[in-house]
Amino acid sequence: MKKIYMDYAATTPTHPDVLKETEPYFREKFGNPSSVHSFGRTNREEVEKAREQVALAIGAETEEVVFTSGGTESDNYALIGVAFKKRDKGNHIITSPIEHHAVLETCKFLEKQGFKITYLPVDKDGLVDPEDIKKAITDQTILVSIMHANNEIGTIEPITEIGELLNEREIYFHVDAVQTVGILDVRVDELQADLVSISAHKFYGPKGIGGLYIRKGTELEVLIHGGHQEKERRAGTENVPGIIGFGKAMEIASGEKAEYREKLLLLRQKLITGILESVDNVYLNGHPQKRLPNNINFGFEFIEGESLFLNLDSQGIACSSGSACTSDTAEPSHVLLAIGVPTVLARGSLRFSIGRWTTEEDVDYLLSILPDAVRRLRDLSPLARQSTGS
Ligand code: PLP
């Protein structure tokens, strides 16, 4: 059976050059970077080279990049780190209801610690209005955390505008850029962010490695205590193969981003047009233009997304019926509900995310299968029968 992967937003396959670059670090280059002998010293230098690759790609200073275990840890570090450090200044944090669970669950934890969280409204496309941030700020506000682009619906937020309005104030700005680094041009000065979360496995790097950009002078409480690694900001023996792979993936992405985006945009357009032309009663979730070039998210009326997901999976097509973290629960996506999609339609939504190895043939294959799959499920659906009166 043909196998088609359309879940690149959940994770990407490791780039062969990344794999090649990391392999020696599982073999002969196994030294602990903290060791002072030659095995350790060599790896310390290599880790610092990777840090330079990451910093260069986002326009940061080398010492402003801290390696973490990925996007989730970076989000936790940014939010809890600021909250605990700035507790004396205030206890108010502003975020949006469509953030990844790595931010939302951390906010819940902070609420239990006495912090107050404002969840801003978002419009029907998932956009945050910077004016609403202005209105929500109080003299207790210590942090604003808004994602660069949403992982489910692909909407790209007005980060620079938000950064500008926070610039004058003594409020830190955290941006979860997990879905954009490697695809969009993420430059920390353009975003005007103090903290930026990155995850390597979203752009053909290894899983379990990422980084937090921490603008010079930004004060954070340390979360992981132990040794002196990462300049006392994150203890624990470094994931050397991961870090090397992260640096390499970043370097590759920086060199090819423009070309990559162009390819994705063409395929995305083909897929969106193809679905709209071949299936009726479908709705594109997320902003039509301000969206990630790799994201396609549709609500299919009168069917369960889960059934369509399983049907496509049985025909070799892998997509997502929610974010990877919610796809094993029956709950409709918190993102779709927050943008006002009715619960039934939210349950009938699927995300297709494309990437480096997606081809036109893959898109054609999906388009040759999807309309029939939807039709058959609707034929069986009591929801569809009610709407047509049959
Ligand atoms: N933030 C966003 C926007 C994401 O999409 C993800 C992963 O899907 C994460 C954070 C978590 O990243 P990681 O898988 O590296 O922990």
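Both counts, for ligands and for their atoms, begin at 1 and track the order of listing.
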> Considering only heavy atoms of Gly70, which atoms of ligand 1 have at least one such atom less than 4.0 Å away?
Replying inline: 15 (O)
> Hey, which atoms in ligand 1 end up nearer than 4.0 Å to a heavy atom of Asp75?
Replying inline: 1 (N), 10 (C)
>> Check this for me - ligand 1, Gly71, N or O atoms closer than 3.5 angstrom, yes or no?
In response: yes
> Ring centroid separation for Phe39 and Phe30, is it under 6.0 angstrom?
Replying inline: yes
> Could you give all pairs that pass the ring-ring contact (aromatic ring centres under 6.0 Å, His included) test and reach residues 223-259, with sequence neighbours left out?
Replying inline: Phe67-Phe246
> Non-hydrogen atoms of His201 versus ligand 1: any pair closer than 4.0 Å?
Replying inline: yes
>> Against ligand 1, does Lys202 come closer than 4.0 Å with any heavy atom?
In response: yes
> Under 3.5 Å, side chain of Ser74 to main-chain N/O of Gly211, donor-acceptor pair present?
Replying inline: yes
Have a look at ligand 1 and work out which part of [X], if any, has a heavy atom under 4.0 Å from it: side chain, backbone, both or neither.
| X | value |
| --- | --- |
| Met147 | side chain |
| Asn150 | neither |
| Thr72 | both |
| Glu73 | neither |

>> Tell me whether the NZ or CZ atom of Arg356 lies within the 45° cone about the ring axis of Tyr204 and under 6.0 Å from its centre.
In response: yes
> Centre of Tyr213's six-membered ring, under 6.0 Å away, within 45 degrees of the axis: is that where NZ or CZ of Arg215 sits?
Replying inline: no
> With hydrophobic residues grouped by side-chain heavy-atom distances under 4.5 Å, do Leu120 and Leu191 end up in a single group?
Replying inline: yes
